[in-house]
Amino acid sequence: MAVCHQPQHPHPPRVWWWGGPPPPPRGGGGPPPPPRAGTAHFIERSTDFQWQREQLLSGADIQNNPFRDLAMPRNPASPYTFVKYLASQGSLTDYLHLNAKFPLRREYAGYLTWVADAFRKQVDYGRSAVGLSLVQGEDGGEVFRVETDDGGEYLGRTVSVGTGRSPRVPPAFQRSLGPRVFHSTRYLSSIERLGDRPLRVVVVGASQSAIEIILDLLARPQVQQVVSVHRTIGFRLKDTSPYSRRVFLPEFVDYFHPLSNAKKRRLRDDLRSVNYAACDQDVIDRLAGAQREFELTGSERLLMKPFSEVAVSRSEGQGQRLVLRDVNHLTEETLDADVVVLATGFRDFGSEQGDEPYHPLLEGIAHRLPLDEDGVPVVARDYSIELKSPADSPQPLRVYLNGLCEASHGMGDAGALAMLSVRATDIADSLQRDLLRDHEELVASGTSP
């Protein structure tokens, strides 16, 4: 979360942002300019910068063209490109020699950390935002108040939330979450916390994350058995056609955003295999090869349960007892496991089953959110929600949703690296227009310094 403010005036901070590093500065080449003091600040729950720390698995890549990084799509001369990072580490030649289609996830995490370090003074690490409300500011107008888990408080005229969407937890597991039943966003720390004891692990889901987790589990000697449970026929190939992947281009957002909710839902269903319940060819081949090896040796270390869903999950001794139901024949079987990993994705904003109308952090201002016909907040093209304001309010407050708007802006907003720099530009430009308008109003009123 970041803050912008105008120190010359007795106004509260302008903007607070939850999420990763702020947009890299615009401009040409040369050394990176220092961040403008007092104009941006972030609140970050982690004690240090981290990106997909729970998914930094051996051999996993980012499935994204590395040139579509934090800066290059909008400014190739930026000092914060992936190429500049490789050069700064003395590893550009080695990377080019590797001739890999995509960078390893671990290497890209190093790049993102390198950029974040340039803005370290603008981040309060180790503080978690737990509440958002509206209070009266020093000038008598309304401002946002952000509360943190340690009793801290931040005030701002504008807030941008970039926490990522809420994990999707199937109904059967909503009362079972804990050290032995956890979402994939907690995978590495949770599985390593269990030590070297023998484990039977069930992985629920058919996504890229699910197949990567299964491969990681099979490489751990203490894992005696992995059972893969998914509602479909199995792990399907991701649609990587350059035509389908136009959903990750900025112009697709312009096409998608004005559509009706019904047309948006239809289009998202039609394009689902571009990003969901689908996997890359390399990991499918690795898993199919491992499965065949186990079949040839008569091993049941890897079991597939296609067309299945978990109807019941309950604690049984030190593990979980699951009741699996075939989604077509409705037959049931019982399965015991020590650990259950939910690679079940994330909740969208919407009115469909499993959706949520807005992120839980917006609960404190929910009464002021403008809603559409489905009861979902109306998000403008610049990713902002303009709050409903009292009649005497001089200027409406706005909250920005950074990386939370797949339902309103399309699949490129679903954590896709390809859209990061473009989305940051849209939000930054929108904020800049607000600052310019405020300045013009101050000049008109004769109060400009």
Side-chain angles (χ1 to χ4, degrees), residues 1 17-22 42-71 80 82 85-86 89 95 100-117 119 123 125-126 128 161-169 182-193 203-217 219-220 238 248 275-280 282-283 286 341-347 359 402-404 406 411-421 423-424:
M1 178 192 281
W17 256 346
W18 279 286
F42 287 70
I43 302 169
E44 171 55 46
R45 178 175 57 188
S46 300
T47 56
D48 205 344
F49 176 81
Q50 64 91 17
W51 174 74
Q52 295 197 2
R53 184 171 293 166
E54 300 283 356
Q55 293 285 296
L56 294 182
L57 309 179
S58 177
D61 58 34
I62 67 168
Q63 308 154 55
N64 184 72
N65 189 314
F67 292 152
R68 297 169 76 172
D69 56 24
L70 292 176
Y80 297 106
F82 180 61
Y85 163 72
L86 293 173
Q89 306 299 302
Y95 177 81
K101 183 177 181 180
F102 301 127
L104 291 172
R105 195 173 294 165
R106 193 176 305 278
E107 184 158 37
Y108 216 72
Y111 158 62
L112 297 174
T113 301
W114 175 77
V115 175
D117 282 345
F119 299 90
V123 184
Y125 286 108
S128 180
V161 181
T163 56
R165 292 175 295 167
S166 304
R168 185 183 297 275
V169 178
F182 46 84
H183 194 265
S184 59
T185 51
R186 296 175 45 223
Y187 170 67
L188 272 181
S189 61
S190 297
I191 202 71
E192 290 173 358
R193 197 174 293 121
V203 180
V204 181
S207 62
Q208 178 81 12
S209 295
I211 200 169
E212 288 176 352
I213 287 171
I214 291 170
L215 289 168
D216 182 77
L217 289 167
R220 296 175 181 268
K238 185 176 293 185
F248 301 119
N275 200 52
Y276 294 113
C279 311
D280 288 339
D282 60 334
V283 291
R286 286 172 58 194
V341 184
L342 305 176
T344 47
F346 300 88
R347 302 180 70 184
H359 193 280
N402 189 352
L404 294 166
E406 180 177 349
M411 201 171 289
D413 214 64
L417 290 168
M419 283 292 293
L420 281 177
S421 65
R423 186 169 64 241

**Study point:** Nearest-0.5 Å distance, CZ of residue Arg286 to CG of residue Leu215
**Key:** 4.5 Å
Exercise for review: Go through the structure and list residues passing side chain to side chain contact (heavy atoms under 4.5 Å, CB included) with Asp280, not counting sequence neighbours.
Suggested key: Asp61, Gln63, Gln208, Lys238, Asp282, Val283
Practice item. Show your reasoning for whether side chain to side chain contact (heavy atoms under 4.5 Å, CB included) applies to Trp51 and Ile62. Key: CA-CA 11 Å; Trp51 174 74; Ile62 67 168; 3.9 Å; yes
**Study point:** Any residue meeting side chain to side chain contact (heavy atoms under 4.5 Å, CB included) with Thr185, in chain and number order, not counting sequence neighbours
**Key:** Pro167, His183, Phe346
Check your understanding: Who are the side-chain hydrogen bond (donor to acceptor under 3.5 Å, both in side chains) partners of Arg45, not counting sequence neighbours?
Key -> none
**Study point:** side chain to side chain contact (heavy atoms under 4.5 Å, CB included) partners of Ala277, counting only residues at least two apart
**Key:** Arg236
Check your understanding: Okay, side chain of Arg220, backbone of Ile191: is any donor-acceptor separation there less than 3.5 Å?
Key -> no
Practice item. Decide yes or no on side chain to side chain contact (heavy atoms under 4.5 Å, CB included) for Leu342 and Phe182, but give the supporting numbers first. Key: CA-CA 6 Å; Leu342 305 176; Phe182 46 84; over 6 Å; no
Exercise for review: Check each of Tyr80, Phe67, Phe82 against Tyr111 using the ring-ring contact (aromatic ring centres under 6.0 Å, His included) test, and report the only one that passes.
Suggested key: Phe82
Practice item. First locate atom CD1 of Ile213, then atom OG of Ser207, and finally report the distance between them rounded to the nearest 0.5 Å. Key: 7.0 Å
Practice item. Please determine, by modelled atom types, if Asn64 and Tyr108 share a side-chain donor-acceptor pair under 3.5 angstrom. Key: no
Review point. Would Asp413 and Met419 satisfy side chain to side chain contact (heavy atoms under 4.5 Å, CB included), going step by step from the backbone distance to the final call?
Key: CA-CA 7 Å; Asp413 214 64; Met419 283 292 293; 5.9 Å; no
Revision key, fill the gap. The salt bridge (Lys or Arg N to Asp or Glu O under 4.0 Å) partners of Arg105 (sequence neighbours excluded) come to Glu212
Exercise for review: Side-chain contact test, heavy atoms from C-beta onward, threshold under 4.5 Å: evaluate it for Leu188 versus Leu57 and give yes or no.
Suggested key: yes
Study note, to complete from the structure: Across all chains, not counting sequence neighbours, the salt bridge (Lys or Arg N to Asp or Glu O under 4.0 Å) partners of Glu107 are none
Point to revise | Closest non-hydrogen atom pair between Cys279 and Ala206, with its separation | key: SG-O, 3.8 Å
Practice item. State which residues pass side-chain hydrogen bond (donor to acceptor under 3.5 Å, both in side chains) with Ser189; sequence neighbours excluded, sorted by chain then number. Key: Glu54
Review point. What's the spacing between Asn402 CG and Leu404 CG if we round to 0.5 Å?
Key: 7.5 Å
Point to revise | Counterpart residues, side-chain hydrogen bond (donor to acceptor under 3.5 Å, both in side chains), relative to Gln55 (two or more places apart) | key: none
Study note, to complete from the structure: Here the gap from Arg165 atom CZ to Arg347 atom CZ, rounded to the nearest 0.5 Å, amounts to 11.5 Å
Review point. Shortest non-hydrogen contact from Ser209 to Ala343?
Key: C-CB, 4.4 Å
Review point. Partners of Tyr125 by side chain to side chain contact (heavy atoms under 4.5 Å, CB included), sequence neighbours excluded?
Key: Glu44, Asp48, Phe49, Ala116, Arg120, Val123
Review point. Listed by chain and number, what are the side-chain hydrogen bond (donor to acceptor under 3.5 Å, both in side chains) partners of Tyr95, not counting sequence neighbours?
Key: none
Review point. Any side-chain heavy-atom pair from Val203 and Tyr187 closer than 4.5 angstrom?
Key: no
Check your understanding: So, for Arg423 and Gly403, which heavy atoms are closest and what is the spacing to 0.1 Å?
Key -> NE-N, 3.3 Å
Exercise for review: List in chain and number order the residues that pass ring pair (Phe, Tyr, Trp, His ring centres under 6.0 Å) with Trp114, two or more places apart in sequence or in another chain; answer none if no residue qualifies.
Suggested key: Tyr85
